[in-house]
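Predicted model only: the values in this text are computed from it and were never measured. Order of the sequence lines sets the chain letters (A, B, ...), proteins ahead of strands, with each chain counted from 1. Values below: all heavy atoms of this structure, side chains included; hydrogens, waters and symmetry mates excluded.
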There are 2 protein chains.
Amino acid sequence: MSLRHAVLGLLAIKPSTGYELTQRFDLSLSHAWQASHSQVYPALAKLETDGLVEVLSEGARRSRTWGITPAGRNELRDWLVESEVDRGQRNESGVRWFLFQLLDPADRREVIEREIEYTERTAAMLGSLAGRTDDPNPLEPSIDLGQRINAVMLEWLHDQLDGLPGDDER
Amino acid sequence: MSLRHAVLGLLAIKPSTGYELTQRFDLSLSHAWQASHSQVYPALAKLETDGLVEVLSEGARRSRTWGITPAGRNELRDWLVESEVDRGQRNESGVRWFLFQLLDPADRREVIEREIEYTERTAAMLGSLAGRTDDPNPLEPSIDLGQRINAVMLEWLHDQLDGLPGDDER
DNA sequence: GCCATCATGTAAAAGGTTACATGATTTT
DNA sequence: AAAATCATGTAACCTTTTACATGATGGC
């Protein structure tokens, strides 16, 4: 279970209310982890009983701002450094590309073109994230990685398109 | 739910018993999808009532070999071509790299080195898969993609290592 | 005063993992 | 004959998603 670690991590970056955490899962972690508020609130309650997070302040509308405790930082650090990475992560795109070969050329073309569009949109999004020279962005490394992977993905997709039986033949 | 589609896909490649399917999930799809036998058997039963798979033959030890029906092929094709890709795939490594910045340089070095080892092992494994020139491998494209992504990953990891505060300073 | 949004929670249903259970065949 | 492996299934538990439910505040 790494929902708790994702929550700890987000709180280590910045204290937040449960509501804000839900938004941050959507904005900055949606490509890697999702959690809706119905998971976040119980998770915070559990982390509190474990002494890993604490309420820093209470605000309007019954809101509570949570922060990570020193014990929470230890737990997070141990997870990141000492624990085994779970490599058996489910990946729907992986399944799709694995089964891709079963499609006839016309369908393959359609799938590839759809994916090229998506990849180009992602590239643009990553580009705008990286382009902010004003602040020294601590996320720069993972954005950079995303851009590099996106680039090879695009290349590969075009190679796959080129490899299709040409529609100029008769 | 794409467990059903993964099962349909594997059966579209080759008819199998439930037991063999479990093994094939482990061998060829473990990087993208896992399913244990306790998931596979009920899934086959469900797919049968839906008319998407059928028993082709019964063998020793009460074993039954399943195949995909024409309706099953339609369902699989529709999923691959017509349905939206679920992009919100959970990715523990993604979370880890996102939170990576929170670690101090010594810990970062440890994590990167561990990851370089893993990536090199993966590269070797992919290389041996791709090196089989004897059969025209229909999985070649996804192996190729895996190799390319692995290569940028390795580059990025070395760049991250180089970017760490040097331990030659005093 | 009404609506949108902020804010927090619980409950039901679906999906997935681990453990339990059993029997048949092959290998040693 | 015992052990390993093939082969299938169910049950309990945990996690995740979707739906239900409610109240507070700020802007119009």
Enquirer: Any donor-acceptor pair under 3.5 Å linking the side chain of E82(B) with the backbone of W79(B)?
Expert: no
Enquirer: Take atom CD of Q89(B) and atom P of dG16(C), then tell me their distance rounded to the nearest Å.
Expert: 14 Å
Enquirer: Contact class for S63(A) vs. all strands (heavy atom < 4.0 Å): base, sugar-phosphate, or nothing?
Expert: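 The residue S63(A) makes sugar-phosphate contact but no base contact.
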Enquirer: Provide the closest heavy-atom pair for T22(A) versus A35(A) in the form atom of the first, atom of the second, distance.
Expert: CG2-O, 4.0 Å
Enquirer: For dT18(D), does the base pair up with any side-chain atom of S38(A) as donor and acceptor (N or O, under 3.5 Å, distance only)?
Expert: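 Such a pair exists between side chain and base.
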Enquirer: Could you check whether any side-chain N or O of S2(B) sits under 3.5 Å from a backbone N or O of H5(B), counting only pairs where one atom can act as donor and the other as acceptor?
Expert: no
Enquirer: Rounded to whole Å, how long is the line connecting atom CG of L3(B) with atom P of dG16(C)?
Expert: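 These atoms are roughly 6 Å apart.
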Enquirer: Give a yes-or-no answer on whether the side chains of R24(A) and S16(A) include a donor-acceptor pair shorter than 3.5 Å.
Expert: yes
Enquirer: Would a distance-only check, ignoring hydrogens and angles, find a side-chain to backbone donor-acceptor pair under 3.5 Å from R64(B) to V55(B)?
Expert: no
Enquirer: Counting just side-chain N and O atoms, does R90(B) come under 4.0 Å of either OP1 or OP2 of dT17(D)?
Expert: yes
Enquirer: Charged N to carboxylate O below 4.0 Å: is that the case for E48(A) and R4(A)?
Expert: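 A salt bridge is absent here (no side-chain N lies under 4.0 Å from a carboxylate O).
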Enquirer: Reckon Q39(A) has a side-chain N or O less than 4.0 Å from the OP1 or OP2 of dT17(D)?
Expert: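 Indeed, a polar side-chain atom of Q39(A) lies that close.
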Enquirer: Walk along nucleotides 20-26 of chain D from 5' to 3' and tag each nucleotide B, S or - by protein heavy-atom contact under 4.0 Å, base first, then sugar-phosphate.
Expert: ---BBBS
Enquirer: Is the distance from OP1 or OP2 of dT17(D) to the nearest side-chain N or O of Q34(A) less than 4.0 Å?
Expert: yes
Enquirer: dG9(D) phosphate, OP1 or OP2: any side-chain N/O from R64(B) under 4.0 angstrom?
Expert: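 Yes, R64(B) has a side-chain N/O under 4.0 Å of OP1/OP2 on dG9(D).
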Enquirer: If you pin A35(A) and Y41(B) to their nearest nucleotides in DNA chain D, which one's is more 5'?
Expert: Y41(B)
Enquirer: Below 4.0 angstrom from OP1 or OP2 of dC6(D), is there any side-chain N or O of Y19(B)?
Expert: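 For Y19(B), the contact criterion (side-chain N or O under 4.0 Å from OP1 or OP2 of dC6(D)) is met.
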Enquirer: How long is the line joining CG of L21(A) and P of dA7(C), in whole Å?
Expert: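 Value for this atom pair: 12 Å.
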Enquirer: Look at the side-chain heavy atoms of Ile, Leu, Val, Met, Phe, Trp and Tyr, link any pair under 4.5 Å apart, and say whether Y118(B) and I149(B) land in one connected group.
Expert: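 No; tracing contacts between hydrophobic side chains, which count when under 4.5 Å, never links both residues.
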Enquirer: How many whole angstroms separate atom CD of E92(A) from atom C1' of dG15(C)?
Expert: 14 Å
Enquirer: Rounded to whole angstroms, how far apart are CZ on F25(A) and P on dT16(D)?
Expert: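 My rounded result for the distance is 10 Å.
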Enquirer: How is R4(A) classified with respect to the nucleic acid when contacts are heavy atoms under 4.0 Å: base, sugar-phosphate, or nothing?
Expert: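 No contact at all - R4(A) keeps every heavy atom at 4.0 Å or more from the nucleic acid.
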